[in-house]
Structures are given as structure tokens and as C-alpha cells.
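Residue numbers begin at 1 in each chain, while the letters A, B, ... track the order of the sequences.
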Amino acid sequence: MTQDVRVRFAPSPTGHLHIGGARTAIYNWAFARHHGGTFILRIDDTDPERSTTENTLAILRALRWLGLDWDEGPEAGGTRGPYFQTQRSASYAEALVTLRASGHAYPCFCSAEELESKREVARVKGGYAGYDRACRSISVADAAVRVEAKEPHVWRIAVPQDRGDVVFHDAVRGELSFPPAALDDFVLVRTDGTPTYNYATVVDDALMEITHVIRGDDHLSNTPRQILVFEALGHDVPTFAHLSMILGADGKRLSKRLGAVSVEAYRDDGFLPEALLNYLTLLGFALDGDTTVFSASQLIEGFDLERVSKNAAIFDAEKLEWLNGVYMRELTPEALVDRMTPLLIEAGLLTSDEALARHDWLVALAPLVAQRLKRMDEVVPMVSFLFADDVEIDPAARDKVLSDSHVSVMLHATRSAMSDVEPYDTTSLEAALKALPEALDVKPKALFQAVRVAVTGSTVSLPLFESLELLGRDLSVRRIDAAIALVDAS
RNA sequence: GGCGCGUUCGUCUAGCGGCUAGGACACCGCCCUCUCAAGGCGGAGAUCACGGGUUCGAACCCCGUACGCGCUACCA
């Protein structure tokens, strides 16, 4: 099996890549890579109303961003294409000819209204068991004549009457069994000639020689139907693995109301792909009892469908943020600079020329930022005080810290220390300023907070001495002066 | 209604007949400390949904019940 594993991820381009879909893709990918197999991307675009090229492109982009690469599919080619269902009608038609010839499919002339009312009646009596197979008793010859005469019809599968329970081993859930009573002669091809999902999927999976179907468990109940189609086609039945749902914080289906649901939204919110991949994987899989943070290669190494959990998982945005912070801190300063520079430029704090010129300065800033970052979008507010000539002092901070009667004295002392210190760097600054509280007989915290508010505008900021160095002597002194003026005026 | 799946700390999970039920996030406390973080240490938090069995012994095996979810379409 290790040799020729072929799996596929088959999204519908009716929207962007969902968190749930992304996890399904990750598991398929990890499984293929673990076994040295082939990961196929197929676009199930049979719904013409809702499928768009934009969505398809967005899905490809999101998959790539996550670091998932496919061996066959759009933009990758492959020998089992095409990889868009809308381009595979010939295959579905051909398979139908085979099924017709072997007696595994028959035309049904019942109208939708007819079926609907039959269903109602049966349901009221309790125990609706599906289509009553009325058209199955029409002779092959009669049926052929009516089809030839263009009488509207669908094609249904002829489920073998003597078929026992449909039993299969799900790689995640184990032995599963479905009584044949629940399986009616469902529709394969619609009146307009298009294939239904359960039919198209199986024809494709068969032709693409998929060995393992790893998908959401909303398809679990479809599986026995699909197995019937595989059997009718005379094809080997692949192994199935059904993944449980990812739910929102309210325990219900993921919805936009409770936060982002698309992969690209998380990218835009400042999450790193490695972190999202790691987190999503964790929602239903564990390498072992205590590994939380792991790389894609560790995932590939240790991935095993038998370790995928059966129960639904609630998406926890806080844990994702924590994990993202972990990955942020693993970034080299240069890598973080590469990621934050565009944001600084976009915020108007820097031009791209300045970013280039001040590269070393940015590299020095990066580690300070990384340590307190959970999302990239927190960068700008954290560092903006470094980029203007003057800083706006938060009123609350002013009331709390700059109202002390000794503040003026403290700031004056700080100002002169700052003017004299050589060189103007973190180490010297720290030595010089740390001597002040004792000399002035004030609490260190009182003085440093006063300086912090004066220089950064806030009671919460990056480390003080580092900030002063990054800011430079001129701007630092200028802000101390402004604060002194403010304090003396009140 | 029928059929199927699921149920271990608030959340994600480990566990695959014998464990003081382990880890992670979040939470609380202490340490570090110029604030915030990060980091270190510690704490609280799960009668393993409930009820019956099987067994010397059950979170793990079996049967029910409850709750949740899925399918039951000429949606995917």
C-alpha cells in the first residue's frame, strides 16, 4: 500500500477554502506524503450556479499558502485528468453506457411531483424506504423505446435485490454496516443529463484510481451508496476515512458570525501558515500524548489515520493565537522584518526607501516585537510610537502617571542624564537611568513609568531602554521636553 | 419517522482491561522584572454523558437511554 497510495481533495468552488476543508486537505496531503503516494486536487464544480473561477483560484492560492502542494490537478497536470468535473462529462456518459449494458442502471420516467407525493405518503405512514422502483419493472425494450422518443427521464442505479448489508472498514471509525433497506435506487444522471454527486464522485475516484477517500463525515451516509456504484462499475472499492466536523465556539456549525471561516481571512488577520496548519491538524489529530507544536515534516512523519479522532472539535481561536505567537517567536529577526515591513509601509509609518535604509534598525526592533506578538496585525500599534516626531499621550496614562508631584523633577533629571550618556545605547542608558531613582529618592517604577509615558505615550510599551535607543537621542529628549511642558502647565 | 455516527477537565486531546486518568490552550498564584509580554515554577479544573451488564478488575468490551450531528433530493 505504501507504494501506490492515491488520495484526493475535491473542493467545490462555491466559496473560498474553509477551515474544515483545509483540514481535510491537510490530512489527505499528510497521508499521501507519509506513504510516498500521490496527492490529487480535483475541482468538483458541477454546480454551475455557484461555482466560479475566482473561487477556484482562491482555493489554489489558499492551499499553496498553507504549504500544501499537489501532484496532479489544476496547474500541475497529470495523466488522469481533466481535473475539473465539468470537463469530465464524457467519462460519466461512458460509464453510464457500461452500467446500462450490464443492467446496473435503468431509466426512470417518474416526474418529480409524482415522487414527492409518494414520499409524503410513505413518510406519514412512517418508514420511508426510498424510491419504490416503479420504473425498474419496465422492460428493457420498452424503456429503450421511450428513451429513444426523448421522453424525460433520469437514470437510476439498479441496486441488487439480494445485496446484503453494505459493510466497510472506515480507517477512522472502524467497522461500519448499513442495512440495504436504507438504500434505494437513487439517481445517477439527472433529466438534463448531468451526473449527481454520488455518481460523478465515484466515476472520478474510480478513473483516477483513488485508493483512500479521506473526507468530511457529512459524507458518511453516502458511502454505502457510493460503494454500490463502485461495485456496479466493477471497480475495487477504495478505503474510506471520515473526518468529523469542526464546530464554532457555540458548538454549532462554523459560521462567519463567530469569526473568520476562510483560510485567506486568517492569512489577512496576520496568522502564519505554519501556525494555521499546525492548529488545524491538532483539531482531530495528535502525534502522541504531549506534542502540541510540530512542523509539517514532523506531521508527515507521524501521520496516521488511526490516530484521527472520531468526535467533532470546537474551533478555539485563543489556542490558535497562542500557537501563532509560538511561531512568530521562532522567526528570525530578518524574517519578521520581511513580514512587518509591508504593514509599516501600508500604515504610512515608513516608505519603502526608508525601510531599506533602516534595515538594521528594523532588525534590532524585531526581537522586541516578536516576544509580545500573537498576530501580525498587532505590530503597527505596538511600534507606531517610534515613527513620529511627537507622541500623543494617552489621557488615562497622563492622569495616572504624570500627575505625581515629583514627575517634573524626575523628567528633568532623566533629560540631563540622557543628554550626557555616551554612547546612546541600551546598556549605557540603562546604567545611567537606573542610578536616578536612588539619587532622587523615588521608586524606580515611578520614574520609569513617567519616562515611559513621556516617550511612548502609554503605560504599556516595548522595553524602555531599548525603545530609547531605537528612538535616538534627539527624539527622546524632544519628547521628555514635551512632557515636562505638559506637566508644568498643569 | 427511518438509517448511521459521536459523547474523557471550559476547549483541543492522550489513553486502546489494572494509570494518583497524562499533556496543551484558557484561568489562578509565585518567581523574574522598567510596563506589557516571553520564560520558569506551582495550583485549581474530568465521579471518563447516564443506566445496566461481561470481568477478579472497565474510560477502554457488550446492551440500552439521553443529548448532539449527518444522510434520508434530479445539493454537494
_Euclidean distance, A:Thr201 OG1 relative to A:Asn222 CG, rounded to 0.5 Å_ = 8.5 Å

*Considering Watson-Crick and G-U wobble pairs with both distances under 3.5 Å, what does B:U47 pair with?*
none

*Identify, with sequence neighbours excluded, every residue that meets side-chain contact (heavy atoms from CB on, under 4.5 Å) alongside A:Ala413.*
A:Leu436, A:Leu440

*Sticking with atom C1', work out how far B:C19 lies from B:A14, rounded to a whole angstrom.*
12 Å

*For residues A:Thr46 and A:Thr194, determine if any side-chain heavy atom of one lies less than 4.5 Å from a side-chain heavy atom of the other.*
no

*Watson-Crick or G-U counterpart of B:C9, or none if no pair lies under 3.5 Å*: none

*Would you please indicate yes or no on a ring centroid separation below 6.0 angstrom for A:Tyr197 and A:His219?*
yes

_B:C41: pairing nucleotide in any strand, Watson-Crick or G-U under 3.5 angstrom_ = B:G29

*asked:* Please report the distance separating the C1' of B:G51 from the corresponding atom of B:C69, rounded so that it comes out in whole Å.
replied: 23 Å

*Using the P atoms only, state how far B:G64 lies from B:U20, rounded to an integer number of Å.*
33 Å

*Relative to the 5' end of RNA chain B, which residue comes earlier, A:Arg190 or A:Pro179, by the nucleotide with the nearest heavy atom?*
A:Pro179

_Categorize A:Thr194 for me: base, sugar-phosphate, or nothing, with a 4.0 angstrom heavy-atom threshold over every strand shown._
nothing

*So does A:Arg253 have more than 12 non-hydrogen atoms from other groups sitting under 6.0 Å from CZ?*
no

*asked:* For a quick test of reading the model: is some side-chain N or O of A:Arg119 closer than 4.0 Å to OP1 or OP2 of B:A73?
replied: yes

*Reading nucleotides 64-70 of chain B from the 5' end, what letters show protein touch, with B for base, S for backbone sugar-phosphate only, - for no heavy atom under 4.0 Å?*
------B

_Non-neighbouring partners of A:Arg339 that pass salt bridge (charged side-chain N to carboxylate O under 4.0 Å, His left out), sequence neighbours left out_ = none

_Mind checking if A:Ser12 touches a base, just sugar-phosphate, or nothing, with heavy atoms under 4.0 Å?_
sugar-phosphate

*Would you mind pulling out the nucleotide paired to B:G70, Watson-Crick or G-U wobble, both distances under 3.5 Å?*
B:C3

*asked:* Using atom C1' in both nucleotides, what's the gap between B:A59 and B:A21 to the nearest angstrom?
replied: 8 Å

_Distance check, P atoms only: B:A76 and B:C71, in whole angstrom units._
13 Å

*Centroid-centroid under 6.0 Å between A:Phe315 and A:Tyr266 rings*: yes

*Separation of A:Leu447 atom CG from B:U35 atom P, in whole Å?*
13 Å

*Sequence neighbours left out, what passes salt bridge (charged side-chain N to carboxylate O under 4.0 Å, His left out) with A:Arg163? Give chain and number order.*
A:Glu231

_N or O in side chain of A:Arg307 less than 4.0 angstrom from B:C16 OP1/OP2_ = no

*asked:* Taking the minimum atom-to-atom distance to the side chain of A:Arg372, which one of B:C74, B:U35, B:A38 wins?
replied: B:U35

*Considering only side-chain heavy atoms of A:Asn311, which listed nucleotide, B:C71, B:C74, B:G6, is closest?*
B:G6

_Any-strand Watson-Crick or G-U partner of B:A14, both distances under 3.5 Å_ = none

_Just N and O in the side chain of A:Ser461: are any of them under 4.0 Å from OP1 or OP2 of B:C36?_
no

*May I ask you to check whether over 12 heavy atoms, not counting those of A:His406, lie within 6.0 Å of atom NE2?*
no

*asked:* Quick check for you: among B:G6, B:C75, B:C74, whose closest atom lies nearest to any side-chain atom of A:Leu115?
replied: B:C74

*Between B:C12 atom P and A:Leu276 atom CG, what is the distance in whole Å?*
18 Å

*Stepwise salt bridge (Lys or Arg N to Asp or Glu O under 4.0 Å) check, A:Asp204 with A:Arg8*: CA-CA 10 Å; A:Asp204 290 342; A:Arg8 103 277 123 127; over 6 Å; no

*Is there a Watson-Crick or G-U wobble partner for B:C34 with both distances under 3.5 Å, and which nucleotide is it?*
none

*asked:* Each nucleotide in nucleotides 23-34 of chain B should get exactly one letter: B, S or -. Can you fill that in based on protein heavy atoms under 4.0 Å?
replied: SBSS-------B

*Determine the Euclidean distance between corresponding P atoms of B:A26 and B:A58; express it in Å to zero decimal places.*
37 Å

*asked:* Distance check needed: B:U7 C1' versus A:Arg173 CZ, whole Å only.
replied: 12 Å

*Which part of the nucleic acid does A:Val154 contact within heavy-atom distance under 4.0 Å: base, sugar-phosphate only, or nothing?*
base

*asked:* Classify A:Thr14 by what it touches in the nucleic acid, base, sugar-phosphate, or nothing, heavy-atom distance under 4.0 Å.
replied: nothing

*State which of B:U35, B:C74, B:A14 makes the closest approach to the side chain of A:Ala286.*
B:A14

*Report the distance from atom CD of A:Glu113 to atom P of B:C74, rounded to the nearest whole Å.*
12 Å

*Inter-nucleotide C1' distance (B:C12, B:U47), Å rounded*: 22 Å

*Could you give the NE2-to-C1' distance, from A:His242 to B:C5, as a whole number of Å?*
11 Å

*asked:* Using a 4.0 Å heavy-atom cut-off, does A:Ser177 contact any base of the nucleic acid, only the sugar-phosphate backbone, or nothing at all?
replied: sugar-phosphate

*Find the partner of B:C61: check Watson-Crick (N1-N3 plus N6-O4 or O6-N4) and G-U wobble (N1-O2, O6-N3) distances, both under 3.5 Å, and reply none if neither fits.*
B:G53

*Ring center gap for A:Phe465 and A:Phe448 short of 6.0 angstrom*: yes

_Interatomic distance at C1', B:C16 relative to B:C61, whole Å_ = 11 Å

*Would you classify A:Gly325 as touching base, sugar-phosphate or nothing, given that sugar-phosphate means primed atoms plus P, OP1 and OP2, and contacts are heavy atoms under 4.0 Å?*
nothing

*Distance, rounded to the nearest Å, where A:Ile314 contributes CD1 and B:U8 contributes P*: 10 Å

*Length of the line joining A:Leu183:CG and B:G2:P, which is rounded to integer Å*: 17 Å

*B:C3 P sits how many Å from A:Leu176 CG, rounded?*
15 Å

*In terms of the angle between their ring planes, are A:Phe240 and A:Phe168 parallel, tilted or perpendicular, with boundaries placed at 30° and 60°?*
perpendicular

*Not counting sequence neighbours, which residues clear salt bridge (charged side-chain N to carboxylate O under 4.0 Å, His left out) with A:Glu321? List them please.*
A:Arg375

